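Lettering of chains follows the sequences in order, A, B, ..., and the numbering in each one begins at 1. All figures in this text were calculated on a predicted structure; none of them were measured in a lab.
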Protein chains: 2
Amino acid sequence: MPHRHDLNPRVSVDNVILGFDDENLNVLLIGRSLADGKMDDVLALPGDLIYENENLDMAAQRVLHELTGLTNLFLQQAGAFGDPDRLSKPKDRAWLKTVRQEPEVRVITIAYFTLINMHEFAPQPASFAQSVQWVPIQDIGDLAFDHNQILKTCLSRLQETIAIKPVGFNLLPTKFTLGQLHKLYEAILEKPLDKRNFRRKIQKLGILTHLDEKQAGVPHKPSRFYKFNEIKYRELAETGFDNFGF
Amino acid sequence: MPHRHDLNPRVSVDNVILGFDDENLNVLLIGRSLADGKMDDVLALPGDLIYENENLDMAAQRVLHELTGLTNLFLQQAGAFGDPDRLSKPKDRAWLKTVRQEPEVRVITIAYFTLINMHEFAPQPASFAQSVQWVPIQDIGDLAFDHNQILKTCLSRLQETIAIKPVGFNLLPTKFTLGQLHKLYEAILEKPLDKRNFRRKIQKLGILTHLDEKQAGVPHKPSRFYKFNEIKYRELAETGFDNFGF
DNA sequence: CTTGGTAGTGTATTATTGACACTAAGAATT
DNA sequence: AATTCTTAGTGTCAATAATACACTACCAAG
């Protein structure tokens, strides 16, 4: 006996794909093309409706793969967003009309976030007939739909997650300096961290391995390179640590 | 241009409603009635398809209200569950046939959890032509659909949440003893906590106010009653604390 | 050879955590 | 009245973790 006001919605996933450029967190956003061939001035998170035979995680992985070619990444669900009016801003409605057979149907979306090394993916200006670009989070204006809200939620979830698991390593090249890692944590947590205390704490975890290699060509004292030691990380995770709180 | 494999699912909410009886965490579960009027032996989380004009949070509040009469409670989203086969266990399919016009349609559910004072709601044996019962979490067997997985996720989220916010007070009467609070934290965190250290820490937060009242009629030293001081809690929350880790 | 810029290091103070054992009060039983 | 049972309530010490803080080392560019 379905209730007569039951809803028959669509379900999508939207991905907050974060990258780090040694200075700021960036989000991968797409521009929408309008009917007249021009680009909308409103940016959006990449997302898609889910397919019949895939689960939610698979749909999120697919969206990420189709956009960046990247596969098999850490991709964490951050929540479901389903306000009835989440697609009803005028610009959003205009765009939906050009692209959907059913622009009026309600869409509930499941948000995911993931962290990638920015240098592993350089946006192709014309990929998918959409513009794709990295945007520093502090430069982000009004996004499409409820995507500002989704982004905010994902950033909060990232802050919580990084206090429990060192997921940040996904954002860095395989070899990195402690300075980069330090700036990354500051960018994610949005607060300054004392350099010596940060170094002491992160090194005490024992999940960093230093390489016998240093920066070259930098106009200052060269820094050692480190890599993330996944084996020691797993050992640590199994014995049950609680937090990486900074 | 919707993709030809796009999905046209239903969306529901499922609630993990937790109560505490001074000993164990309990979950409010419903029994399903079958076509022949008998009760299915499989219990399920209370849930419902969402309506056209309500958002996800409202749907979860509605389910809670219809079941318990309670309103306006802390209700936290724990995640979306949408595996294509999440409704496909034989018993679940049999039950769906008796109750739905479209037993085959895929349903994606958004899970919420909430904490209530068990004594504020005593299940009525016959409400909604379903059985409703409190079940201690350690006695829970196979639930309907993917509800075991949902429950597990919600309990983990509760453990994380209580480390950040003292949400546990929702589970207790307005006046309670430190002993009750202590046992509650042990039940939620599933580990013993040292009595003196627990008391010291929880009292240092300054969000408890002791009443000039003691237990009466107990066959042992009577305990003081305390109440949760929401005003001091808000002050504390605004100045930005990090955790209540135990 | 000076300048600018980042890398890298140690210590002292304070706050927090964790381990640990006995007395106090009431009710029930004898 | 005394005993027993049960939970309430309390303090200290040691180890660990958090915080605040300033200088030298190294490289490139001018």
Q | Between dA8(D) (P) and Asp194(B) (CG): distance, integer Å | A | 14 Å

**Q.** Earlier contact from the 5' end, DNA chain D, for Arg224(B) and Lys195(A)
**A.** Arg224(B)

Q. With nearest nucleotides of DNA chain D determined for His220(B) and Lys214(A) from heavy-atom distances, which residue corresponds to the more 5′ nucleotide?
A. His220(B)

Q: Kindly point out which of dT16(C), dA19(C), dA8(D) is positioned nearest to the side chain of Lys204(B)?
A: dT16(C)

Q) Lys201(A) NZ to dA17(D) P: how many Å, rounded? A) 9 Å

Q) So, does the side chain of Arg199(A) form a donor-acceptor pair with the base of dA7(C) at under 3.5 Å? A) no

Q. Heavy atoms under 4.0 Å, any strand shown: does Lys183(A) hit a base, just sugar-phosphate, or nothing?
A. nothing

Q: Tell me which nucleotide among dG11(D), dT19(D), dA7(C) gets nearest to the side chain of Ser223(A).
A: dA7(C)

(Q) Strictly below 4.0 Å, N to O, side chains only: are Lys232(B) and Glu235(B) in salt-bridge contact? (A) no

(Q) Both Gly217(B) and Thr177(A) contact DNA chain C. Which one's nearest nucleotide lies toward the 5' end? (A) Thr177(A)

Q. Ignoring hydrogens and angles, does a donor from either the side chain of Arg196(B) or the base of dA21(C) sit under 3.5 Å from an acceptor on the other?
A. yes

Q.
On a heavy-atom basis, which atom in Ser223(A) and which in Thr177(A) lie closest, and how many Å separate them?
A. OG-CB, 3.3 Å

Q | Separation of atom CD in Gln180(A) from atom C1' in dG8(C), rounded to whole Å | A | 16 Å

Q) Rounded to whole angstrom units, what separation is found between the CG atom of Asn197(A) and the C1' atom of dA17(D)? A) 10 Å

Q: Please determine if Arg32(B) forms a cation-pi arrangement with Phe145(B), meaning its NZ or CZ atom is less than 6.0 Å from the six-membered ring centre and no more than 45° off the ring axis.
A: yes

**Q.** Leu181(A): which of Phe228(A), Phe20(A), Phe169(A), Tyr226(A) passes side chain to side chain contact (heavy atoms under 4.5 Å, CB included)
**A.** Phe169(A)

Q.
Please determine whether any donor N or O and acceptor N or O are separated by less than 3.5 Å between the side chain of Arg200(B) and the base of dG18(C).
A. yes

Q | Nucleotide dG9(D), atom C1' - distance to CG of Leu181(B) in whole Å | A | 15 Å

Q: Grab the CD-P distance between Glu213(A) and dA7(C) for me, whole Å please.
A: 16 Å

Q) Quick one: Phe198(B) CZ to dT16(C) P, roughly how many Å, whole number? A) 17 Å

Q | Nearest-nucleotide pick for Lys221(A), side chain only, options being dG8(C), dG10(C), dA24(C) | A | dG8(C)

Q. Side chain to side chain contact (heavy atoms under 4.5 Å, CB included) with Asp21(B): which residues, sequence neighbours excluded?
A. Glu23(B), Asn24(B), Asn26(B), Met118(B)

(Q) Without decimals, in angstroms, what is the distance between Ile202(B) CD1 and dA8(D) C1'? (A) 17 Å

